[in-house]
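Residue numbers begin at 1 in each chain, while the letters A, B, ... track the order of the sequences.
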Number of protein chains: 2
Amino acid sequence: MRPREFNHDDVLRIAFDQFWRKGVRGTSLSDIARDAGVQRGSLYNAFGSKEALFLLAYERYAGDYLGAVQTALGTGTLRKRLTAFFDLTITNFRSGTPPRGCPTTRGLMELGSAQGEGLDEDARRAFADLVTRITTLVEDALSAGAKRGEFSGASGAAALHIITVTRGLAVLERAFGDEAQLRKIAAHTIDLVLGATKR
Amino acid sequence: MRPREFNHDDVLRIAFDQFWRKGVRGTSLSDIARDAGVQRGSLYNAFGSKEALFLLAYERYAGDYLGAVQTALGTGTLRKRLTAFFDLTITNFRSGTPPRGCPTTRGLMELGSAQGEGLDEDARRAFADLVTRITTLVEDALSAGAKRGEFSGASGAAALHIITVTRGLAVLERAFGDEAQLRKIAAHTIDLVLGATKR
DNA sequence: ATTAGTTTTCGACACGCTGTCAAGAAACCA
DNA sequence: TGGTTTCTTGACAGCGTGTCGAAAACTAAT
């Protein structure tokens, strides 16, 4: 059989970069094909559809990001861990020029109820999955912190609250683009959650 | 001059309903024209572009919604006011079948950095404007509550935190569609913010 | 070395969407 | 009634996704 003339992973990387910067609906396969030096038809042949290509590219990102979260939440006091987590989150939103925002949040709001019901659901699942996994990591950090007496409260509720704030930060980032504001909110949230200990 | 054969406001209402359900990029002017019983070209003649039509339709929604927020935040104890505010917010996200989500959050994430730089910026401003106005209303309620001894803390920071949570709720609604979860998070947030009083 | 078979690549096509434009239609005013 | 103005209509260009068949390129077998 004839070997493929392009590298799968390279294309996924290039594609996700475009998706991240311009959104799924905002990037065309022609864009990706041009950037990757590949014919558009070849992409369809190799990946099937734009959504399928996006899903593969997103999975790669999700894995990387989850690893980074795990690292951020892995050392130091609970406050340090949470600070590192928020820092990672905000830095991720603000990466790129101009800042690319949060691909997960964007995807979640961008898709939803368009018209194509089929693959949209797969994408939603992928986004929701990453959110769930990160929530679990935060919850674990809180539980461990509770054992060490750094936090007293319901880890589950607190973790969900923190995740909700990070999603909100992703939205505010798009609305105002004010990184200092985001960091203030993050610090305030940590105070609120940890302060609940010394009620 | 020849009078217009359709009612401006009717079209805006019909258009926003579609935009809300399917997103700006997900609805075509053909859809709106069909629903409104108007020719597509007439819409271009009357409004100029899809984005302009959306902006007009959104302004109408924003005004209505802002009024509802003002009402919700207007009576009772501070806790009651915040509860009513979150209730309004979540009910709004979950209205329609299937639930339509938050048009502001969706718009904020959907637009951003597509390719058309011109009108996207106007839309972003409109979205951000509504968020800012609501933040101010919440902050006012908190300040008033502080005077009455129902809250002690920085009203500005707390208001921003609450708004961030509502934006996060809009995202989680899309991710999980679990209304009970949203209400739990809202209740937890109120406890956290008001609980900070009795530190 | 030649040939058969398989996979990739390429180009043309159908279809939908946005936005433009010119020509037709309808109301109003003089 | 005639002219002007505005709205409506339909055709068009341009770009997007996705499909299809044919050509090209490589492997493997004879």
Side-chain angles (χ1 to χ4, degrees), chain A residues 1-12 14-16 18-19 21-58 107 110-123, chain B residues 1-12 14-16 18-19 21-58 107 110-123:
Chain A
M1 38 180 172
R2 172 177 177 181
R4 198 168 275 129
E5 291 185 4
F6 61 91
N7 182 288
H8 252 228
D9 287 2
D10 286 350
V11 169
L12 289 184
I14 291 171
F16 191 73
Q18 301 247 5
F19 285 137
R21 284 192 284 108
K22 302 186 291 183
V24 177
R25 283 213 175 77
T27 70
S28 71
L29 282 202
S30 306
D31 292 341
I32 296 170
R34 188 172 353 95
D35 248 50
V38 177
Q39 212 67 13
R40 201 170 55 90
S42 300
L43 294 180
Y44 277 101
N45 176 57
F47 299 104
S49 72
K50 183 179 171 180
E51 306 264 354
L53 169 57
F54 171 75
L55 275 180
L56 282 177
Y58 180 76
E110 188 174 19
L111 296 170
S113 36
Q115 50 241 33
E117 303 276 357
L119 266 175
D120 275 329
E121 178 55 22
D122 287 349
Chain B
M1 39 181 170
R2 177 176 174 182
R4 200 168 271 129
E5 290 185 5
F6 62 91
N7 180 287
H8 252 227
D9 287 3
D10 286 351
V11 169
L12 287 184
I14 291 171
F16 191 72
Q18 302 246 4
F19 285 136
R21 285 193 284 108
K22 305 184 293 184
V24 176
R25 282 212 177 77
T27 70
S28 70
L29 282 202
S30 305
D31 292 341
I32 296 171
R34 188 171 355 92
D35 248 49
V38 177
Q39 213 67 14
R40 200 171 54 90
S42 300
L43 294 180
Y44 277 101
N45 178 55
F47 299 104
S49 73
K50 183 179 171 179
E51 307 265 354
L53 169 57
F54 171 75
L55 275 181
L56 282 178
Y58 181 77
E110 189 174 18
L111 296 170
S113 37
Q115 51 242 32
E117 303 275 358
L119 267 175
D120 275 330
E121 178 54 23
D122 287 348

Visitor: Atom CG of A/Leu53 and atom P of D/dT17: how far apart are they, to the nearest Å?
Guide: 11 Å
Visitor: Between C/dA12 atom C1' and A/Asn45 atom CG, what is the distance in whole Å?
Guide: 17 Å
Visitor: Taking all atoms of both residues into account, what is the closest heavy-atom pair of A/Ala52 and A/Phe47, and its distance?
Guide: CB-O, 3.2 Å
Visitor: Using a 3.5 Å distance criterion without hydrogens, assess whether the side chain of A/Lys22 forms a donor-acceptor pair with backbone atoms of A/Ser28.
Guide: no
Visitor: Within the structure, does a side-chain N or O atom of A/Gln39 lie under 4.0 Å from either OP1 or OP2 of C/dT8?
Guide: no
Visitor: Let's see if you can work this out: which of C/dC10, D/dT17, C/dT18 has an atom nearest to the side-chain heavy atoms of B/Tyr44?
Guide: C/dT18
Visitor: What integer distance in Å separates B/Gln18:CD from C/dC17:C1'?
Guide: 14 Å
Visitor: Let's see if you can work this out: which of D/dG18, C/dT18, D/dG16 has an atom nearest to the side-chain heavy atoms of B/Leu29?
Guide: C/dT18
Visitor: Out of D/dG16, C/dT18, C/dT8, which nucleotide sits closest to the side chain of B/Arg40?
Guide: C/dT18
Visitor: Within this structure, what is the CZ-to-C1' distance between B/Arg25 and D/dT17, rounded to whole angstrom?
Guide: 15 Å
Visitor: Is there a donor-acceptor pair closer than 3.5 Å between any side-chain N or O of A/Arg25 and the backbone N or O of A/Glu110?
Guide: yes
Visitor: What nucleic acid atoms does A/Phe6 come within less than 4.0 Å of, heavy atoms only: base, sugar-phosphate, or nothing?
Guide: sugar-phosphate
Visitor: Can you check the B/Arg34 CZ to C/dC17 C1' distance for me, whole Å?
Guide: 12 Å
Visitor: Would you confirm whether B/Lys50, through its side chain, and B/Tyr44, through its main-chain N or O, come within 3.5 Å as a donor-acceptor pair?
Guide: no
Visitor: CG of B/Asp31 versus C1' of C/dC17: gap in Å, rounded?
Guide: 10 Å
Visitor: Atom NZ of B/Lys22 to atom C1' of C/dC17: distance rounded to whole Å?
Guide: 12 Å
Visitor: Of all the nucleotides listed (D/dG16, C/dC17, D/dG10), which has the minimum atom distance to the side chain of A/Ser28?
Guide: D/dG16
Visitor: Within the structure provided, determine whether B/Phe19 and B/Tyr58 are in side-chain contact (heavy-atom separation under 4.5 Å).
Guide: no
Visitor: Between A/Ser42 and C/dT9, does any side-chain N or O lie under 4.0 Å from OP1 or OP2?
Guide: yes
Visitor: How many Å lie between CG on A/Leu43 and C1' on D/dG18, as a whole number?
Guide: 12 Å
